[in-house]
Amino acid sequence: DTDVVDYASLVAALSVRLAAFKRLGATGIDVSVTSPRAELLPAAEADGLVQRGLRGLASADDGERLAARLVLQLAELCRDEGLVMQLHAGSLRNHHADGLARFGTDIGADIPVATEWTRNLHELLNAYGDDPGFTLVAYTLDESTLTRELAPLAGYYPALVLGAPWWFLDSPAGMRRFLDAVAPICGLANTAGFVDDTRAFPSIPARHEVWRRVSCDWLAELVTSGKLDEEAAHRLARSLAVDLARDAYRLG
């Protein structure tokens with residue numbers, strides 16, 4: 001029920017929808033982007049991007065710049081509404097042109113691309129990274145960024161936590177690589193445990209069981225090597241399975 005004619009009215013419409021989902025019990029939003037870039041633009045420039053889009057005249061660069069502005073805008077809206085912001089970045093959607101033409105979007109030909117976080121999140125984290133009312137959960141398909149960028153960022157900015165191994169990482173080997181990569185740098189407390197957004201609903205119990213088994217196996221190795229005592233390992237096993245996700249998504 002909002003007439004979108006410029007950037008301000010687009011933001012107003014988004015704000016109305018966020019509030020509606022919050023009233024229904026939602027505690028967070030999910031934002032999917034190829035690049036996690038967040039950028040503040042002059043109002044006139046943002047208006048121009050929206051208006052060219054409404055007229056069907058927007059270029060690919062226009063779309064990328066508006067997406068970057070909206071990533072920063074959604075962070076502000078989530079802070080104001082008390083919602084958690086998830087950011088899934090690094091997937092080039094609909095890579096297989098023939099599959100897209102025959103079956104439509106999201107049929108599986110979504111392929112990872114290299115992703116840069118440190119510079120792209122600079123404005124967002126400087127604006128909201130220390131804000132106790134804001135939480136950003138970052139998901140990546142680019143494992144190389146975990147030790148190089150994301151774990152150091154999560155270790156520094158209180159508002160940033162690392163999302164669960166996503167997609168190609170949510171196998172036993174990928175989960176172990178994730179834990180090995182992030183725990184020594186930012187600690188487990190700066191992760192969001194394990195959550196699942198699969199549309200293949202029958203797979204959900206199995207995926208969570210794999211995470212629990214891998215987590216316990218990883219913790220057991222720390223115990224047997226003398227790096228962790230068994231009592232602490234039991235506490236961390238519960239945190240990895242339940243408590244970290246509940247805390248990150250404000251589920252009490």
Side-chain angles (χ1 to χ4, degrees), residues 4 10 13-14 17-18 21 26 28-39 49-75 84-117 119-121 136-146 148-150 162-178 181-182 192-211 214 245 249:
V4 175
L10 173 60
L14 289 169
R17 299 312 301 147
L18 292 185
F21 280 103
I29 72 167
D30 191 22
V31 180
S32 175
V33 289
T34 304
S35 167
R37 185 172 135 207
E39 182 181 9
L49 293 172
V50 173
Q51 289 160 0
R52 284 197 295 277
L54 291 170
R55 296 197 303 272
L57 301 176
S59 65
D61 182 65
D62 286 340
E64 291 173 4
R65 300 193 69 224
L66 182 59
R69 178 65 188 96
L70 286 171
V71 168
L72 188 61
Q73 185 70 65
L74 286 165
V84 175
M85 180 177 177
Q86 297 181 113
L87 190 61
H88 282 78
S91 175
L92 186 60
R93 305 288 181 176
N94 308 309
H95 191 277
H96 184 215
D98 184 57
L100 174 63
R102 291 174 64 197
F103 304 113
T105 58
D106 300 319
I107 55 91
D110 301 336
I111 307 300
V113 294
T115 311
E116 198 280 336
W117 294 83
R119 293 183 180 87
N120 280 327
L121 286 185
L136 178 67
V137 186
Y139 291 83
T140 186
L141 290 171
D142 184 353
E143 292 186 63
S144 67
T145 65
L146 289 171
R148 185 179 66 246
E149 299 176 50
L150 280 172
L162 303 186
W166 169 36
W167 196 354
F168 292 110
L169 283 68
D170 64 355
S171 64
M175 291 171 178
R176 179 175 276 276
R177 289 196 304 271
F178 172 84
V182 304
F194 192 74
V195 300
D196 201 300
D197 67 349
T198 180
R199 286 162 288 188
F201 293 121
S203 74
I204 290 177
R207 290 165 76 136
H208 282 265
E209 183 172 355
V210 170
W211 170 258
V214 170
Y249 290 95

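Not measured: the values here are computed from a predicted model.
- Taking both residues in full, the closest heavy atoms of A114 and D142 are given as CA-OD2, 3.3 Å, listed atom of the first, atom of the second, then distance.
- Under the salt bridge (Lys or Arg N to Asp or Glu O under 4.0 Å) criterion, E149 pairs with no residue at all, not counting sequence neighbours.
- Shown here are the salt bridge (Lys or Arg N to Asp or Glu O under 4.0 Å) partners of R176, two or more places apart in sequence or in another chain: D217, E221.
- Partners of R93 by salt bridge (Lys or Arg N to Asp or Glu O under 4.0 Å), not counting sequence neighbours, listed by chain and number: D110.
- Within 6.0 Å of NE2 in H208 there are more than 12 heavy atoms belonging to other residues, nucleotides or ligands.
- Take N94 and apply the side-chain hydrogen bond (donor to acceptor under 3.5 Å, both in side chains) test, not counting sequence neighbours, and it matches no residue.
- L49 is not listed as a side-chain neighbour of R69, based on a closest heavy-atom distance of 4.5 Å or more.
- Nearest heavy-atom pair, G90 versus L141, reported as atom, atom and distance to 0.1 Å: O-CD1, 3.9 Å.
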Contacts under 3.5 angstrom, residues 164-172 side chains, donor-acceptor by atom type, not counting sequence neighbours:
from : atom 1 : to   : atom 2 : distance (Å)
D170 : OD2    : R207 : NE     : 3.4
D170 : OD2    : R207 : NH2    : 2.4
S171 : OG     : G174 : N      : 3.1

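- In terms of the salt bridge (Lys or Arg N to Asp or Glu O under 4.0 Å) criterion, D61 has no residue partners (sequence neighbours excluded).
- Note that CD of Q51 is 11.0 Å distant from CG of L57, once rounded to the nearest 0.5 Å.
- Counting heavy atoms from C-beta outward, L87 and W117 have side chains that approach closer than 4.5 Å.
- In terms of heavy-atom proximity, V137 sits nearest to A192 at CG1-CB, 4.0 Å.
- No donor-acceptor pair under 3.5 Å is formed between the side chain of S35 and the backbone N or O of V33.
- Nearest heavy atoms, T115 versus V113: OG1-O, 3.0 Å.
- With D62 contributing its side chain and S59 its backbone, the two residues share a donor-acceptor pair below 3.5 Å.
- Here the CD-OH distance, from Q86 to Y139, works out to 4.5 Å after rounding to the nearest 0.5 Å.
- Side-chain contact between M85 and V71: present, with at least one pair of heavy atoms (C-beta onward) separated by less than 4.5 Å.
- Considering CG of L66 and CZ of R52, their distance stands at 10.0 Å, rounded to 0.5 Å.
- Within the 4.5 Å cutoff, the side chain of E116 has no heavy atoms near those of the R37 side chain.
- Residue N120 holds its CG atom at 9.5 Å from CD of E39, rounded to the nearest 0.5 Å.
- We find the CG-CG distance between L14 and L18 to be 6.5 Å, quoted to the nearest 0.5 Å.
- In this structure, the separation between CG on L150 and CG on L121 is 7.5 Å, given to the nearest 0.5 Å.
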